[in-house]
Protein chains: 2
Amino acid sequence: MSYSIGQVAEKLDISPYTLRYYDKEGLLPFVDRNEAGRRQFKDNDFNFLEVIVCLKEAGVPVKQIGHFIDLCMAGDTTLQTRYDFLADHEQQLMAKMARLQHTLDFLRWKKWYYKTALLAGTERIHYLPGTNHVNPAVRQKFERLVADGASPEELGRLV
Amino acid sequence: MSYSIGQVAEKLDISPYTLRYYDKEGLLPFVDRNEAGRRQFKDNDFNFLEVIVCLKEAGVPVKQIGHFIDLCMAGDTTLQTRYDFLADHEQQLMAKMARLQHTLDFLRWKKWYYKTALLAGTERIHYLPGTNHVNPAVRQKFERLVADGASPEELGRLV
DNA sequence: ATAAAATCTAGAGTTAACTCTAAGTCAAGT
DNA sequence: ACTTGACTTAGAGTTAACTCTAGATTTTAT
């Protein structure tokens with residue numbers, strides 16, 4: 001079974017332009033061509049394509065993905081290097097997810113801030129008296145509520 | 001207490017160039033200037049800066065962050081809009097984290113693939129006999145191990 | 001007092017990752 | 001046979017988010 005660039009693009013939900021760009025950047029050395037020079041993807045190619053999509057999603061730059069594909073084409077002598085590459089990006093991805101969890105927590109604290117302001121009808125309830133400056137104690141109050149067992153997502157939910 | 005652009009840059013671990021760029025894009029309308037025209041950040045400004053950094057980390061484009069800051073400057077009539085904005089990006093961030101978890105799982109399956117290949121000394125153990133194509137059953141074997149209680153991170157770990 | 005470091009603006013340059021255009025070839029349907 | 005649409009390449013254009021340069025001014029340190 002073989003697939004045109006358009007069919008692959010549809011399956012992966014990326015444009016044919018992007019696939020050609022990846023090819024230009026050396027990410028698709030495994031793709032066959034027919035007599036007329038058109039790309040003919042085969043089933044096994046999706047194993048590579050899945051890796052490319054995965055690394056993209058993980059935030060790995062195209063150049064580095066190209067490097068990994070080079071290692072794949074080089075054969076068994078690069079198995080350890082490939083493992084190390086993936087292990088490295090696994091660590092980076094875990095670190096990123098931890099950062100995003102903090103970001104999410106912050107977003108929820110701000111939601112709580114606006115929820116309580118909305119209920120009061122004004123943001124002034126969070127200000128130090130006579131100023132437009134947020135009272136630092138407000139943040140601490142939120143942290144206390146979380147420490148006392150309330151989940152940030154619960155606290156941030158309005159209705 | 002007030003802070004120069006350099007001091008703020010250091011605290012937030014971004015360059016003064018970037019801060020000036022944010023200002024140019026309308027993200028810092030709250031910053032005061034001294035007699036000579038230099039930026040003078042005050043303690044309360046860090047409440048805004050924290051939000052900017054948070055939204056950046058969440059992947060929100062600079063233009064949209066500028067829109068949010070505009071809402072902040074507009075006063076209490078925009079409280080609901082601001083809440084909705086944060087709730088929207090909370091959802092987007094959760095969706096992204098779910099995608100990243102899948103990406104991480106895929107990365108770990110590939111680590112297991114290379115780990116087992118390394119132990120065998122060759123990637124051929126994963127190929128269909130007489131081909132260079134990966135046996136689809138290999139992926140299923142990994143999934144079965146995970147279903148039987150092994151964690152993907154355990155399976156992917158070498159040594 | 002003076003040198004060095006930090007800041008200012010306007011605007012140019014950079015980079016990554018697409019995204020598209022042009023001009024041509026090939027394939028599928030009527 | 002012919003039209004329509006998918007594909008090819010080379011190369012230009014776009015966009016976002018910085019990142020830097022130049023030339024002037026201000027602040028800090030000796």
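Chain A is the first sequence line, chain B the second, and so forth, proteins listed ahead of strands; every chain is numbered from 1. Below, all heavy atoms of this structure are taken into account, side chains as well, without hydrogens, waters or symmetry copies. Bear in mind the structure is a predicted one, so any value in this text is a computation, not a measurement.
Applying the 4.0 Å criterion to OP1 and OP2 of dT21(C), one finds that Y17(A) has every side-chain N and O outside that range. In terms of phosphate contacts, R39(A) brings a side-chain nitrogen or oxygen within less than 4.0 Å of OP1 or OP2 of dT8(D).
Residues from residues 3-10 of chain A placing a heavy atom under 4.0 Å of any atom in DNA chain C do not occur.
The CD-P distance, from E25(B) to dT19(D), rounds to 14 Å in whole Å. Note: CZ (R20(A)) to P (dA22(C)) measures 16 Å, nearest angstrom. Atom pair L28(A):CG and dC18(C):P shows a separation of 12 Å (rounding to whole Å applied). Per the geometry, CG belonging to L19(B) stands 14 Å off P belonging to dC20(D), to the nearest Å. In this entry the distance linking CD1 of I14(B) with C1' of dT19(D) reads 13 Å, nearest Å. As rounded to whole Å, 17 Å separates atom C1' of dA27(C) from atom CZ of R33(A). Rounded to an integer number of Å, the gap from CD of Q40(A) to P of dT8(D) is 11 Å. In this structure, the NZ atom of K56(A) is 6 Å from the C1' atom of dA17(C), given to the nearest Å.
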Going through the checks in order, is the side-chain hydrogen bond (donor to acceptor under 3.5 Å, both in side chains) test met by T78(A) and T81(A)? CA-CA 5 Å; T78(A) 66; T81(A) 316; 5.8 Å; no

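Taking 4.0 Å as the cut-off between side-chain N and carboxylate O, R33(A) and D23(A) count as a salt-bridged pair. Between K63(A) and E25(A) there is no salt bridge, since none of the side-chain N atoms of the basic residue sits less than 4.0 Å from a carboxylate O of the acidic one. Using a 4.0 Å cut-off between charged side-chain N and carboxylate O, K96(B) and E57(A) make no salt bridge.
Applying the ring pair (Phe, Tyr, Trp, His ring centres under 6.0 Å) definition to pairs two or more places apart or across chains, those involving residues 42-67 of chain B are Y3(B)-F46(B), F30(B)-F48(B).
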Which letter, B, S or -, goes with each nucleotide of nucleotides 24-30 of chain D from 5' to 3', with contact meaning a protein heavy atom under 4.0 Å? -BBS---

Given protein heavy atoms under 4.0 Å, the one-letter contact record of nucleotides 10-16 of chain D, with B base, S sugar-phosphate only and - none, is simply -B-----

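Under the 4.5 Å side-chain criterion, counting only non-hydrogen atoms from C-beta, L55(B) is in contact with L107(A). Contact of the E50(A) side chain with the R139(B) side chain is registered, since non-hydrogen atoms from C-beta on lie closer than 4.5 Å.
The terminal axes of the helix from dA1(C)-dT30(D) to dT30(C)-dA1(D), fitted over 5 pairs per end, subtend an angle of 20° to the nearest 10°.
Closest approach of T116(B) and I125(B) over heavy atoms only: O-CD1, 3.5 Å.
Distance alone, capped at 3.5 Å, is enough to place a donor-acceptor pair between the Q7(B) side chain and the S4(B) backbone. Checked by atom type and distance alone, the side chain of D76(B) pairs as donor or acceptor with a backbone atom of E123(A) at under 3.5 Å.
For an aromatic pair to be called close, the ring centres must be under 6.0 Å apart, and F85(B) with H89(B) satisfies this.
The salt bridge (Lys or Arg N to Asp or Glu O under 4.0 Å) search around D32(A) returns K42(A), not counting sequence neighbours.
Between L27(B) atom CG and L19(B) atom CG the span is 10.0 Å, to the nearest 0.5 Å.
The cationic atom of K110(A) (NZ for Lys, CZ for Arg) lies less than 6.0 Å from the six-membered ring centre of Y113(A) and within 45° of the ring axis.
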